[in-house]
Amino acid sequence: FIGRQRMARLEVDDAELARFGLQDGDLLFARRSLVESGAGKCSLVVAPDEPLVFESSLIRVRLDPEKALGRFYYYYFCSATGRAKITPIVTGTAQKGIRGSELAKIMVDLPPLPVQRRIAAMLSAYDDLIENNTKRITILEEMARTLHREWFVQFRFPGHEELGLVDSPLGRIPRGWKATSLGQLADVNRESVQKSSAPDMILYVDIKSVSTGTIDEAERMPFCDAPSRARRVVRNGD
């Protein structure tokens with residue numbers, strides 16, 4: 001959703017504003033992108049509180065308000081159905097892109113306006129929940145970072161006054177703590193699958209399977225087809 005974020009400012013005359021101005025409900029499509037998934041990506045202009053214009057790498061679609069609702073078609077083009085309409089008009093090799101003339105020709109579903117409004121309202125309600133939960137998560141993450149700094153950097157955890165601080169290779173740490181190498185606490189890549197006892201099928205975690213804090217998806221494959229690096233065993237708690 002685009003409308004009230006911080007943006008670059010520039011001077012435009014009345015003619016430029018008339019030609020490139022944006023209003024509530026306009027759709028913006030990415031004209032070009034370095035990756036195919038970015039070409040034709042759709043955004044929605046929502047209640048801008050001052051004059052707003054767009055630049056040449058975007059395509060503006062202004063819907064007829066008597067036929068179509070901007071928020072409905074934003075969700076439509078973000079869905080698999082809508083994206084399938086865009087994919088055939090994406091061209092290019094080093095840089096992917098779409099043309100406004102081709103965008104205008106694609107066939108789209110047109111439910112009655114009341115149906116569009118109901119669908120958009122339902123999906124907007126989910127978006128609002130997601131936004132509120134995201135804000136809560138941000139607050140909780142900041143609280144966790146603050147607690148970590150207090151307890152494990154400043155060592156101001158409950159009862160720290162009774163312990164005091166002593167010198168260590170890592171600097172001053174609470175009395176009763178000690179500094180040690182990770183290798184003294186854990187085995188690092190030691191346990192491997194032996195071919196003689198290997199299972200027929202394995203779950204393989206590749207670097208592309210991992211995002212911050214989570215394993216998104218492990219690929220199931222026959223052990224005989226797995227790359228040579230797929231030999232380390234992962235267990236609960238690793």
Side-chain angles (χ1 to χ4, degrees), residues 1-10 28 30 33-35 37-38 41-50 52 54-55 57-58 71 74-75 78 122-193 202-220 226-238:
F1 301 121
I2 298 174
R4 300 188 180 186
Q5 298 93 333
R6 292 183 179 180
M7 303 181 196
R9 295 178 175 271
L10 69 163
L28 288 174
S33 172
L34 293 176
V35 294
S37 59
K41 186 176 181 179
C42 182
S43 298
L44 176 68
V45 178
V46 179
D49 54 2
E50 58 183 314
L52 188 63
F54 67 102
E55 51 97 24
S57 63
L58 299 170
R71 190 169 287 256
Y74 160 74
Y75 288 120
C78 288
M122 183 180 297
L123 294 176
S124 293
Y126 281 108
D127 265 345
D128 291 342
L129 285 172
I130 291 169
E131 182 179 2
N132 289 335
N133 285 333
T134 300
K135 289 178 179 177
R136 292 191 186 100
I137 290 169
T138 300
I139 293 171
L140 290 171
E141 287 176 343
E142 180 55 36
M143 291 172 63
R145 285 191 291 269
T146 300
L147 189 64
H148 180 271
R149 286 194 298 269
E150 281 289 299
W151 285 20
F152 300 111
V153 178
Q154 304 298 330
F155 298 121
R156 291 195 287 257
F157 50 84
H160 71 280
E161 302 93 342
E162 301 173 5
L163 294 179
L165 300 178
V166 296
D167 292 328
S168 82
L170 295 178
R172 303 278 285 174
I173 61 175
R175 188 182 307 278
W177 294 29
K178 60 182 179 180
T180 186
S181 69
L182 182 62
Q184 291 179 301
L185 304 178
D187 291 332
V188 181
N189 273 352
R190 285 189 181 176
E191 188 176 2
S192 300
V193 176
I202 62 168
L203 286 174
Y204 175 51
V205 179
D206 199 354
I207 188 64
K208 67 178 182 292
S209 311
V210 180
S211 55
T212 304
T214 63
I215 297 173
D216 301 317
E217 185 177 4
E219 183 180 358
R220 183 176 295 277
S228 59
R229 59 184 178 274
R231 298 291 185 268
R232 306 295 186 183
V233 177
V234 176
R235 300 190 186 280
N236 184 43
D238 285 352

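The figures that follow rest on heavy atoms only: side chains count, while hydrogens, waters and symmetry mates do not.
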query = When you look at CD of E217, are more than 12 heavy atoms from neighbouring residues, nucleotides or ligands closer to it than 6.0 Å?
reply = no
query = Which atoms form the tightest heavy-atom contact between L52 and V45, and what is the distance?
reply = CD2-CG1, 4.2 Å
request  = Could you tell me which non-hydrogen atom of I173 sits nearest to which non-hydrogen atom of A179, and how far apart they are?
outcome  = CD1-N, 4.2 Å
R172 to L165 - nearest heavy-atom pair and separation = NH2-O, 3.2 Å
note = One should read off an interatomic distance between N132 CG and D127 CG, to the nearest 0.5 angstrom, of 11.0 Å
ask   = Would you find a donor on one side and an acceptor on the other, under 3.5 Å apart, between the side chain of Q184 and the backbone of S181?
value = yes
remark   = Correct closest heavy-atom pair for Y74 and C42 would be CE1-O, 3.6 Å
key: Side chain S33, main chain V35, donor-acceptor under 3.5 Å   = yes
More than 12 heavy atoms of other groups within 6.0 Å of R220 CZ = no
query = Hey, is the main chain of G3 close enough, under 3.5 Å, to the side chain of Q5 for a donor-acceptor pair?
reply = yes
query = If you round to the nearest 0.5 Å, how far is CD1 of I130 from CG of L123?
reply = 9.5 Å
task = Give a yes or no on whether M7 atom CE has more than 12 heavy-atom contacts from other residues, nucleotides or ligands under 6.0 Å away.
result = yes
query = In Å and rounded to the nearest 0.5 Å, what is the CG to CD1 distance from D206 to I215?
reply = 11.5 Å
inquiry  = So, taking the atom named CG in L170 and the one named OG1 in T180, what distance separates them when rounded to the nearest 0.5 Å?
reply    = 9.5 Å
query = Between CD1 of I139 and OG1 of T134, what distance do you get to the nearest 0.5 Å?
reply = 11.0 Å
key: Counterpart residues, ring pair (Phe, Tyr, Trp, His ring centres under 6.0 Å), relative to W151 (two or more places apart)   = none
task = Taking R175 for its side chain and G164 for its backbone only, find out whether a donor-acceptor pair lies under 3.5 Å.
result = no
ask   = Would L28 and I2 count as a side chain to side chain contact (heavy atoms under 4.5 Å, CB included) if you check the C-alpha gap in whole Å, the side-chain angles of each, and the deciding distance to 0.1 Å?
value = CA-CA 9 Å; L28 288 174; I2 298 174; 4.1 Å; yes
key: Exercise: identify the closest heavy-atom pair between R71 and S124   = CD-OG, 2.9 Å
task = Could you check whether the rings of F152 and W177 sit parallel, tilted or perpendicular, using 30° and 60° as the cut-offs?
result = tilted
request  = Calculate, to the nearest 0.5 Å, the distance between atoms CD and CD1 belonging to E219 and I202 respectively.
outcome  = 9.0 Å
message = Does atom CD (E141) have a neighbourhood of more than 12 heavy atoms from anything else shown, all under 6.0 Å?
response = yes
query = Between G38 and A30, which heavy-atom pair has the shortest distance, and what is it?
reply = O-CB, 3.3 Å
